[in-house]
2 protein chains.
Amino acid sequence: MDKKDQYLNPSLTVDVVVFTIVDGELKVLLIKRPHNPFCGFYALPGGFLLKGETMEKAVERLIHDKAGVKKIYFEQLYTFGGLDRDPRGPVFSVAYFALMPKEKIIFADLADAQSPEFWSVKKLPRMAFDHGQIIKYALNRLKMKLEYTNVVYSLLPVVFTLTQLQKIYETILEKKIDKRNFRKKFAQLNLLEDTHKILKGDRARPAKLYAFKHPQKETLKKFF
Amino acid sequence: MDKKDQYLNPSLTVDVVVFTIVDGELKVLLIKRPHNPFCGFYALPGGFLLKGETMEKAVERLIHDKAGVKKIYFEQLYTFGGLDRDPRGPVFSVAYFALMPKEKIIFADLADAQSPEFWSVKKLPRMAFDHGQIIKYALNRLKMKLEYTNVVYSLLPVVFTLTQLQKIYETILEKKIDKRNFRKKFAQLNLLEDTHKILKGDRARPAKLYAFKHPQKETLKKFF
DNA sequence: CCAAAAGTGTTGACTGTACACCCATGT
DNA sequence: ACATGGGTGTACAGTCAACACTTTTGG
């Protein structure tokens, strides 16, 4: 047997789980597959690497093409390599997870002909490949990162109220948080600055608007 | 241009960072490369996938062939994909990290002709590819996991003294830990059981031997 | 003046940390 | 008897969780 024949020659793709929060629901970006396999099913944005392209560049390209947005937070998640993931043969997928604020969503004018949509993670459609599992994995990572880092900034516009901030935590962690304890915690973490602006318009007391001092990723001891 | 030409067709390898502790030093398993590129440099055990082999199977195979051991703890670490990692072209490497107790080290009778050696992570030789960085990444992961999980069991023989346990923490985290607080913490975590055996032979007071009740991986709130 | 969301402190329980001495054995 | 590592408790500080009322606006 030729030595080369004993080796697997797998394909390598990149898939991205893009999360955002709209109307108090955590959503994930999906695309309806126009081809077989899994034609008509929904899938994560993904695809092969182009020549000379790193995985990170590919992720940026995918995010730009499918969500019309640049420069959002993303990180590598996990590499999935089950032999039966794709009926066409061995395809290894390096999954990334990304976060964006809903304010950046633009679907008009996309370079790509496919039809990206945000779906609530609570009611996902039938998913192609093992993408359902990948989303589950990403969700878990998101919950972890919310508790140990300040990534939440990537889901928010530059200025926001403390209530908006709290609601993101409550939505993703799926639990109620005490308002006073929440605000106390953030106050002592010293991550936010008061913009001295105020959000009116609600038919209620106006809220102060805050911004992150350092929107870089930071790892802290314990958030929640 | 043919459509296929725009896609990268990378190779995919698996590399394993096997840690163990010997004589109070954290060691990593390395192999001296017998071929170019980087002939004579040291590298992590790794290689291509065989036909019909998952990444996990490949890791088990590598660990068995290079360290002569089966059934040790391992998990996926990260996928490295820099375009210049390998001078021969784009090679993506899915890195795993593994832990084994020094008691299981057997170098005799290996299926593989190469020469595996354990090197202290404090004094690594010149490394091939980006393997130095991969080890650094793995080391970081190990520190994290020590603090949040009970993986330490994978570095220990089935029975051990509390002092052996503590020394592993001290070695890896590179800090002294208070003996009383350490023992108190482990007592309240309730992970250990007293085997009612005793380790004599030191010219000092004999020590009780403990074992993990559930050697499965568990994630706990906070260890250290 | 009423509805709606913003804003604000205190207490008790728990957890982490600092710290020093006696005990059981081998030589 | 002494050297060596094993084994044990207390007190203080910091953090977490529970809990209710007043304030400011729009309608």
Side-chain angles (χ1 to χ4, degrees), chain A residues 21 23-24 143 146-150 156-157 159-171 173-211 219-224, chain B residues 21 23-24 143-144 146-150 156-157 159-171 173-211 218-224:
Chain A
I21 290 197
D23 300 332
K143 287 181 187 177
L146 258 203
E147 308 209 32
Y148 292 106
T149 72
N150 67 351
L156 284 164
V159 299
F160 50 86
T161 67
L162 294 177
T163 302
Q164 285 166 22
L165 180 65
Q166 182 176 342
K167 280 199 174 136
I168 290 186
Y169 276 91
E170 292 183 335
T171 300
L173 300 178
E174 298 179 279
K175 68 176 184 196
K176 283 257 165 270
I177 299 172
D178 179 87
K179 200 189 347 175
R180 277 172 294 189
N181 292 338
F182 181 87
R183 292 156 107 98
K184 206 188 313 165
K185 176 78 85 41
F186 258 93
Q188 82 194 42
L189 285 172
N190 197 32
L191 298 171
L192 304 182
E193 63 183 3
D194 187 341
T195 63
H196 301 292
K197 293 187 178 160
I198 281 183
L199 180 68
K200 296 201 181 199
D202 249 336
R203 55 176 162 183
R205 177 168 173 176
K208 284 189 181 176
L209 286 164
Y210 292 85
T219 303
L220 307 189
K221 274 292 160 193
K222 183 78 172 72
F223 270 58
F224 291 95
Chain B
I21 291 198
D23 300 331
K143 288 181 187 176
M144 299 293 199
L146 258 205
E147 307 210 32
Y148 292 107
T149 72
N150 67 350
L156 284 164
V159 300
F160 49 87
T161 67
L162 294 177
T163 301
Q164 284 167 22
L165 182 63
Q166 181 176 344
K167 279 199 174 137
I168 291 187
Y169 275 91
E170 292 182 335
T171 300
L173 300 179
E174 299 179 280
K175 66 177 186 196
K176 283 256 165 273
I177 299 172
D178 180 86
K179 203 196 333 182
R180 278 172 293 191
N181 293 337
F182 182 86
R183 291 157 108 98
K184 204 190 316 166
K185 174 77 88 41
F186 258 92
Q188 83 194 38
L189 285 172
N190 198 33
L191 296 171
L192 304 182
E193 62 183 5
D194 187 342
T195 64
H196 300 293
K197 294 184 175 158
I198 281 184
L199 179 68
K200 296 202 181 198
D202 249 335
R203 56 174 164 185
R205 177 170 174 178
K208 285 188 183 176
L209 286 164
Y210 291 85
E218 286 180 38
T219 304
L220 306 189
K221 275 293 160 190
K222 182 80 171 71
F223 272 57
F224 291 95

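Quick caveat: nothing in here was measured; it's all calculated off a predicted structure. The chains referred to below are lettered A, B, ... by the order of the sequence lines, with proteins before strands, and numbering in each begins at 1.
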Close side-chain approach of [X] and [Y], heavy atoms under 4.5 Å:
| X | Y | result |
| --- | --- | --- |
| L162(B) | K167(B) | no |
| L173(A) | E147(A) | yes |
| F186(A) | L165(A) | yes |
| L146(A) | Y169(A) | yes |

Could you tell me the separation between the [atom1] atom of [X] and the [atom2] atom of [N], rounded to a whole number of Å?
| X | N | atom1 | atom2 | value |
| --- | --- | --- | --- | --- |
| I177(A) | dC19(D) | CD1 | P | 16 Å |
| L189(B) | dC14(C) | CG | P | 17 Å |
| Y169(B) | dG16(C) | OH | P | 13 Å |
| F182(B) | dG6(D) | CZ | P | 12 Å |
| L165(B) | dG6(D) | CG | P | 12 Å |
| Q188(B) | dT15(C) | CD | C1' | 8 Å |
| L209(A) | dA6(C) | CG | C1' | 12 Å |
| F186(B) | dT15(C) | CZ | P | 16 Å |

Self-check item: Base-contact (B) and sugar-phosphate-only (S) positions in nucleotides 19-27 of chain C, heavy-atom cut-off under 4.0 Å, - elsewhere
Solution: BB--BBBS-
Self-check item: Residues forming a side-chain hydrogen bond (donor to acceptor under 3.5 Å, both in side chains) with E170(B), sequence neighbours excluded
Solution: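 For E170(B) the side-chain hydrogen bond (donor to acceptor under 3.5 Å, both in side chains) partners, ignoring immediate neighbours, are Q166(B).
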Self-check item: Touch class at under 4.0 angstrom, heavy-atom based, for T163(B) against every strand present
Solution: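 If one applies the 4.0 Å heavy-atom cut-off, T163(B) turns out to touch the sugar-phosphate alone, with no base involved.
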For a quick test of your reading: what N or O donor-acceptor pairs under 3.5 Å do the side chains of residues 189-209 of chain A make, sequence neighbours left out?
from	atom 1	to	atom 2	distance (Å)
N190(A)	OD1	K213(A)	NZ	2.8
D194(A)	OD1	H196(A)	N	2.7
T195(A)	OG1	K197(A)	N	3.2
T195(A)	OG1	L209(A)	O	2.6

